[in-house]
Number of protein chains: 2
Amino acid sequence: MGRDLDIRVSIIEDDETIREGYAFLIGKTPGYKVVSTYPSYEDAAKRIMHDDPDVILLDVELPGISGIDAIPKLKKYLPETNILILTVYEQDLLIFRALGNGASGYLTKNTPHEKIISAIHEVMEGVGPMSAHIARMVIQSFQRNESTPLTRRETEILEQISTGKSRKRIAQELFIDLETVKSHIKNIYHKLNVHSKADAIKTAKDNKFI
Amino acid sequence: MGRDLDIRVSIIEDDETIREGYAFLIGKTPGYKVVSTYPSYEDAAKRIMHDDPDVILLDVELPGISGIDAIPKLKKYLPETNILILTVYEQDLLIFRALGNGASGYLTKNTPHEKIISAIHEVMEGVGPMSAHIARMVIQSFQRNESTPLTRRETEILEQISTGKSRKRIAQELFIDLETVKSHIKNIYHKLNVHSKADAIKTAKDNKFI
DNA sequence: TATAAATCACCCTTTATGGGTGAGCCTGAT
DNA sequence: ATCAGGCTCACCCATAAAGGGTGATTTATA
């Protein structure tokens, strides 16, 4: 018989070991019930509507349609379902995109068993779309590195460059000469040890100089 | 006599009406004490260390050094103090920069009186660096507009462009011809009704197409 | 009073950009 | 089965932008 109050969990994860591991773990926990497991979004798409899960554990790195891209599709069919992202790495961008796509939280694959259960529980309680951990990451993502090799002006100009503006336009908007902008850019490139716009932007963003 | 358990509040706000309004409001609330008010960061800098506030209400739009830039300076002298940003507009970028600089939360200037007190209380309780409201804004900021006029490929290419990469480099990384990239860009420009990289990036970001 | 920052100048070559037009191929929807 | 949209590539054109070298002036600030 099905206990009506069980939290219904569905798992979409291509690695069988991990998938079955989670299923076993969650299934044996009182109050939780694994209603289905799938190795890909494509497999899940056909039948997951009928499983009526409360929570979906979704791997980000799925073959075929990625977990990230699967989120809005799943949400479309199951708007009330909470999606928890499974990820190996705590990569800012992936997690942010997942949240943007409608995920309610995330778990790294080395998360201890108890935490997994409590994460599912929290997300069901509507503790909010963001755990303190994610909130911390988000704030960190907005924080600048205070030990930048770039001067104020250089940072300012690199920020302008990162918006796609030409040097001429930057010069006009900052009320300085094009030659001055060029000088700053040369200095930026030297300091960051790069030889192009794209590399300068990437290096600066990686190091949170901008 | 000073009640030891009062929450010590300092206010930095250039508009006298608002400043005194908040001061009155908070001062008359049992458990709260306004220890100082300043019209600018420059005025506050000299003496705020001695006020030993628990919470600082800080206007973002200060004359001289802006509230945003004042945050790290204040944090340096008063690392234990929580800073609440006062802002007229709920502008994403400003708030995110404020959080990145170390602010603990924010209040809009039309916030009802009770909410102000409770925000101060929450931030003292360490309810977390983010209110549910801010969390919602953050998530929204990661969300894409689903009604984009751009195709998948066009979006992908515009994203690449926004990193500063040249068309040639984009072509190489996507394993397509330079001419194809050019075609996509022409279509992007037509759809967004722009005539340059910078404008395309700005329009797309404003509309959350990328 | 040194040093760093910001400013501007003139040299050079190569690469990138913006725009027009046309065309083939594939896929999903009607 | 047809047709539109999406992705691909081609060739045309002119101008703008980028990258790099060297040096010089001025203005804060330590």
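Below, chains carry the letters A, B, ... as their sequence lines are ordered, and counting in each starts from 1. Every value quoted in this text rests on a predicted model; they were computed, and no experiment measured them.
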Pairs of donor and acceptor atoms involving the side chains of residues 58-78 of chain B, under 3.5 Å and at least two apart or interchain, shall be tabulated with distances.
residue	atom	partner	partner atom	Å
B/D59	OD1	B/E61	N	3.2
B/D59	OD1	B/K109	NZ	3.1
B/S66	OG	B/I68	N	3.4
B/S66	OG	B/D69	N	3.2
B/S66	OG	B/D69	OD2	3.3
B/K75	NZ	B/T81	O	2.9

- Message: Heavy atoms within less than 4.0 Å of DNA chain D: which residues of residues 202-210 of chain A have one? Give them sorted by number.
- Response: none

- Task: Calculate, to the nearest 0.5 Å, the distance between atoms CD1 and OG1 belonging to A/I201 and A/T163 respectively.
- Result: 8.5 Å

- Residue set satisfying side-chain contact (heavy atoms from CB on, under 4.5 Å) with A/L192, at least two apart, ordered chain then number -> A/P149, A/L150, A/L158, A/I188, A/V194, A/A200, A/T203, A/A204, A/F209

- Query: salt bridge (Lys or Arg N to Asp or Glu O under 4.0 Å): which pairs involve residues 184-205 of chain B, sequence neighbours left out?
  - Reply: A/R169-B/D199, B/E154-B/K191, B/K202-B/D206

- Item | Sequence-distant partners of A/E16, side-chain contact (heavy atoms from CB on, under 4.5 Å), two or more places apart | A/R19, A/E20

- Task: For B/R97, look at atom CZ and say whether over 12 heavy atoms of other residues, nucleotides or ligands are found less than 6.0 Å away.
- Result: no

- Atom-pair distance (CD1 on A/I161; P on C/dT17), nearest Å: 14 Å

- Message: Tell me if the side-chain of B/K186 makes a donor-acceptor pair with the base of C/dG18, cut-off 3.5 Å, by modelled atom types.
- Response: no

- Task: Evaluate the criterion side chain to side chain contact (heavy atoms under 4.5 Å, CB included) for residue pair B/N82 and B/D54; output intermediate values, then yes/no.
- Result: CA-CA 6 Å; B/N82 290 293; B/D54 298 308; over 6 Å; no

- Query: Once you build an axis from the first five pairs and another from the last five of the helix from C/dT1-D/dA30 to C/dT30-D/dA1, how far apart in angle are they, to 10 degrees?
  - Reply: 70°

- Audit row: A/I12, A/I48, side chain to side chain contact (heavy atoms under 4.5 Å, CB included) steps and yes/no: CA-CA 10 Å; A/I12 308 177; A/I48 199 162; 4.0 Å; yes

- Verdict with reasoning, B/Y38 to B/D51, per side chain to side chain contact (heavy atoms under 4.5 Å, CB included): CA-CA 12 Å; B/Y38 302 100; B/D51 301 333; 2.4 Å; yes

- Taking NZ, NE, NH1 and NH2 as the nitrogens, is one of them in B/R144 or B/E159 under 4.0 Å from a carboxylate oxygen of the other? yes

Between N or O atoms, less than 3.5 Å apart, protein on one side and nucleotides 28-30 of chain C on the other: list the pairs.
none

- Short side-chain N/O contact from A/Y189 to OP1 or OP2 of D/dG19, under 4.0 Å: yes

- Query: How many Å lie between CD on B/E179 and P on C/dT21, as a whole number?
  - Reply: 16 Å

Shorter than 3.5 Å, N or O on both sides, protein versus nucleotides 4-8 of chain D: list them out with atom names.
residue	atom	partner	partner atom	Å
D/dC7	OP1	B/R153	N	3.4
D/dC7	OP2	B/T151	OG1	2.4
D/dT8	OP1	B/R153	NE	3.4
D/dT8	OP1	B/R153	NH2	2.8
D/dT8	OP2	B/R153	NE	2.8
D/dT8	OP2	B/H184	NE2	3.0

- Between atom NE2 of A/H190 and atom NE2 of A/H195, what is the distance when rounded to the nearest 0.5 Å? 8.0 Å

- Message: Run the side-chain contact (heavy atoms from CB on, under 4.5 Å) test against A/D15 and tell me which residues pass, sequence neighbours left out.
- Response: A/E13, A/T17, A/I18

- Message: In whole Å, I'd like the distance from the NZ atom of A/K182 to the C1' atom of D/dG21.
- Response: 10 Å

- Query: What is the distance from CG of B/D199 to P of C/dT17, rounded to the nearest Å?
  - Reply: 15 Å

- Taking atom C1' of C/dC8 as reference, at what distance in whole Å does atom CD1 of A/I170 sit? 17 Å

- Gap between atoms CD1 and P, on A/I185 and D/dA18 respectively (whole Å): 7 Å

- Rounding to a whole Å, what distance do you find between A/I188:CD1 and C/dA5:P? 13 Å

Below 3.5 Å between N/O atoms, which protein atoms pair up with nucleotides 15-17 of chain D? Just atom names and distances, please.
residue	atom	partner	partner atom	Å
D/dA17	OP1	A/S166	OG	3.4
D/dA17	OP2	A/K168	NZ	3.0

- side-chain N/O B/H190 vs C/dG20 OP1/OP2, d < 4.0 Å: yes

Side chains of residues 174-182 of chain A: which donor-acceptor pairs under 3.5 Å do they make with residues two or more places apart or in other chains?
residue	atom	partner	partner atom	Å
A/D177	OD1	A/E179	N	2.8

- Task: Using atom CG of A/L178 as one end and atom C1' of C/dT7 as the other, report the distance to the nearest whole Å.
- Result: 13 Å

- Query: A/S196 side chain: which of D/dG19, D/dC13, D/dC9 is closest?
  - Reply: D/dG19

- Message: How about CD on A/E80, more than 12 heavy atoms from neighbouring residues, nucleotides or ligands closer than 6.0 Å, or not?
- Response: no

- Point-to-point distance, once rounded to the nearest 0.5 Å, from CG of B/L84 to OG of B/S104: 6.5 Å

- Could you list the residues that satisfy side-chain hydrogen bond (donor to acceptor under 3.5 Å, both in side chains) with B/S147, not counting sequence neighbours? B/N145

- Message: Before you tell me yes or no, could you show the steps for B/V9 and B/L57 under side chain to side chain contact (heavy atoms under 4.5 Å, CB included), namely the whole-Å CA-CA distance, both residues' side-chain angles and the distance that decides it to 0.1 Å?
- Response: CA-CA 7 Å; B/V9 179; B/L57 300 192; 4.2 Å; yes

